[in-house]
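The structure appears right after this line, and notes come after that.
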Amino acid sequence: MKVDVLLGLQWGDEGKGKIVDVLSPNYDIVARFQGGPNAGHTLIFNNKKYVLHLIPSGIFRENTVNIIGEGVVLDPVIFSEELSEIKKSGIDLTKNLYIAEKTSLILPTHRILDAAEEAELGSAKIGSTGKGIGPAYIDKIGRNALRVGDITSSNFKNKYNALKNKHINKLKSYKFDYNIAEYEEKWFEGIETLKKFKFINNSYFINEALKNGKKILAEGAQGTLLDINAGTYPYVTSSTVTTAGVCSGLGIAPSKIGEVYGIFKAYTTRVGSGPFPTELFDDNGKILQKFGYEFGSTTGRERRCGWLDMTALKYSIEINGVTQLIMTKADVLQFIETIYISEKYQNYPSGLFPYELNEQVKPQLKAFKSWKENLADFSSKDEFPDALKDYIHYIENETKVPITIISTGADRNETVWCNK
Ligand code: GDP
Ligand code: IMO
Ligand code: MG
């Protein structure tokens, strides 16, 4: 058996949570392999909405084991808050949620460092989610991190204090007021909550599961253009978001990767700072923002909106080895008069994604007719309006990858399987 992967091809928020929830009945295990509580994955079913930050989106399926993998950075406070929300729906998470022993912990001081760093950058700020992601990964790479497996050791408190003191020394170089006490108290309560869960040797667990014929889906967070290497650096997150991150974040070999589902919105959004060649500042941008309800699931910030960008999409497909595409939010484009796609960047060879995106990078736009129809009631691709079929055909023809799922609304049921 191999590990299938679902990951974002844009700047995050492509609808990963919804689609992982839809796919998860086909899988025995769903595993998050990177990122942390910067993620906000929305699931809607039975008229209820859940936003997951750390817990994988297979959690609402009774027979699916969910794993927080060792590539993740975990904040025990956010983890506990999320548990309390899910518990309300009667699910006992201690049974089907396992955590990798090597998962790094986000300390209260990581959050403070994140905020202090952003404040110092001023108008050049990354626009981070403020969850301490960058500083936590810095400690991991710098070989200083505390990990989930450490919390049961007798000297955990000493290790915690040593790292906290390092952070406090670092904070002296910033002009930044902070208060640790309140969050720290909740953090230690969160550590006690964590102890109720099963900790696993991630790599062993996943590889044994594969040998035993289990079906595994790796759930990505963020999107390829936010990847630490592949993304629009420095306006990126601090983890490996791409398929490569599945190998390091779950402890499996590249040869164990199976299908790679690449998910994208029918247009593009970005939250936080950084370049965005197809960004719209006109009424069309406002329409996408309004009808797409484009607010960050984690921070509530307005998402910036723009046209679909084929250069970025092709690049993301290539570096992730995408075998199937999933398109979401096609329904939102019904409100636009004439839809555009950026075919390429002017003055750049077709297919080149310049890593220094700047104001010189101008999209070359191609117009498409709008479908102007509500898609919620369509259950097959054949029934789609011709204008939507043309849009789909163009993308498949350009990327040479089939779109196998089209999402036509936020609910679990608003999903069209194209090969059925
Ligand atoms: P994720 O981070 O990739 O899981 O995506 P988010 O949950 O942050 O953002 C996606 C948003 O779009 C959420 O509010 C979803 O409920 C919503 N959504 C997902 N798919 C669709 C769709 O096909 N149509 C519409 N209108 N909304 C969708
Ligand atoms: P999901 O999984 C959209 C963005 C932040 C900021 C940059 C760095 O829901 O798709 P960080 O807190 O990671 O240091 O912020 O990355 N960002 C996301 N944008 N969706 C996400 O996750 C994101 N996670 C981080 O807005 O620009
Ligand atoms: Mg999100």
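Order of listing sets the numbers, starting from 1, for every ligand and every atom in it.
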Handout entry: Glu219 and Tyr27 side chains, donor-acceptor separation under 3.5 Å
Key = no

Problem - Polar contact flag, side-chain donor to acceptor under 3.5 angstrom, Asn169-Lys172 - result: yes

Practice task
Could you tell me whether some N/O pair between Ile44 and ligand 1 is separated by less than 3.5 angstrom?
Solution key: no

Exercise for the section: Run through Arg111, Lys186, Lys131 and flag the one making a salt bridge (Lys or Arg N to Asp or Glu O under 4.0 Å) with Asp75. Expected result: Arg111

Completion exercise
If you scan protein heavy atoms around atom 19 (N) of ligand 2, the nearest is Val271 CG1, 3.3 Å

Exercise for the section: Report the residue from Tyr394, Tyr340, Tyr267 that forms a ring pair (Phe, Tyr, Trp, His ring centres under 6.0 Å) with Phe368. Expected result: Tyr394

Handout entry: Of the listed options Thr129, Ile133, Leu226, Thr232, closest to atom 18 (C) of ligand 2 (non-hydrogen atoms)
Key = Leu226

Problem - Residue part near ligand 1, for Arg303, under 4.0 Å between non-hydrogen atoms - result: side chain

Practice task
Could you establish whether Thr299 and ligand 2 come within less than 4.0 Å of each other, counting only heavy atoms on the residue side?
Solution key: no

Problem - Thr408 side chain to Glu414 side chain, donor-acceptor N/O pair below 3.5 angstrom - result: no

Fill in the blank from the handout: Per residue Asp13, nearest N, O or S atom to the Mg ion (ligand 3) is named OD1

Problem - From the candidates His41, Gln10, Lys18, the one that places a heavy atom nearest atom 19 (C) of ligand 1 - result: Lys18

Practice task
Verify the distance criterion only: is there a donor paired with an acceptor across the side chains of Thr224 and Asn320 at less than 3.5 Å?
Solution key: yes

Practice task
Work out whether the distance between some heavy atom of Arg270 and some atom of ligand 2 is less than 4.0 Å.
Solution key: no

Exercise for the section: Say whether Ser407 and Lys18, considering side chains only, have a donor N or O and an acceptor N or O under 3.5 Å apart. Expected result: yes

Problem - Numbered atoms of ligand 2 (with element) below 4.0 Å of Ala39, judged on heavy atoms - result: 1 (P), 2 (O), 9 (O), 22 (O)

Practice task
Indicate yes or no: does an N/O atom of Ser273 lie under 3.5 Å from an N/O atom of ligand 2?
Solution key: no

Practice task
Ignoring hydrogens and angles, state whether a donor on the side chain of Asn202 or Tyr98 is under 3.5 Å from an acceptor on the partner side chain.
Solution key: no

Exercise for the section: Establish, from distance only, whether the side-chain atoms of Asp139 and His167 form a donor-acceptor pair under 3.5 Å. Expected result: yes

Problem - Nearest non-hydrogen protein atom, atom 8 (C) of ligand 2 - result: Val236 O, 3.4 Å

Handout entry: atom 1 (P) of ligand 2: nearest protein contact (heavy atom, Å)
Key = Gln222 N, 3.5 Å

Exercise for the section: Tell me which part of Asp331 gets within contact of ligand 1: side chain, backbone, both or neither, using heavy atoms under 4.0 Å. Expected result: side chain

Exercise for the section: Between Thr408 and ligand 1, find which residue part has any heavy-atom pair under 4.0 Å and reply side chain, backbone, both or neither. Expected result: backbone

Problem - Side-chain H-bond candidate by donor/acceptor type, Ser84 with Lys88, under 3.5 Å - result: no

Practice task
Consider only side-chain N and O atoms of Glu259 and Thr323, and report whether a donor and an acceptor are under 3.5 Å apart.
Solution key: yes

Handout entry: N-O pairing of Asp21 and Arg412 below 4.0 Å
Key = yes

Handout entry: Distance, nearest 0.5 Å, that separates CD1 of Ile395 from CE of Met327
Key = 5.0 Å

Practice task
Check each of Thr237, Thr269, Val73 against atom 13 (O) of ligand 2 and report the one with the nearest heavy atom.
Solution key: Thr237

Completion exercise
the protein heavy atom lying closest to atom 20 (N) of ligand 2 turns out to be Asp13 OD1, 3.1 Å

Handout entry: Nitrogen or oxygen atoms of Gly409 and ligand 1 under 3.5 Å apart
Key = yes

Handout entry: Side chain, backbone, both or neither: the part of Ser297 lying under 4.0 Å from ligand 1 by heavy atom
Key = side chain

Exercise for the section: Please identify which atoms of ligand 1 are closer than 4.0 Å to at least one heavy atom of Ser407. Expected result: 20 (N), 21 (C), 22 (C), 23 (O)

Fill in the blank from the handout: In this structure, atom 6 (C) of ligand 2 is nearest to the protein heavy atom Gly127 O, 3.1 Å

Completion exercise
Nearest non-hydrogen protein atom to atom 15 (O) of ligand 2, with distance, is Ser128 CA, 3.3 Å

Problem - Option with minimal heavy-atom separation from atom 11 (C) of ligand 1, where the choices are Lys329, Gln334, Lys16 - result: Lys329

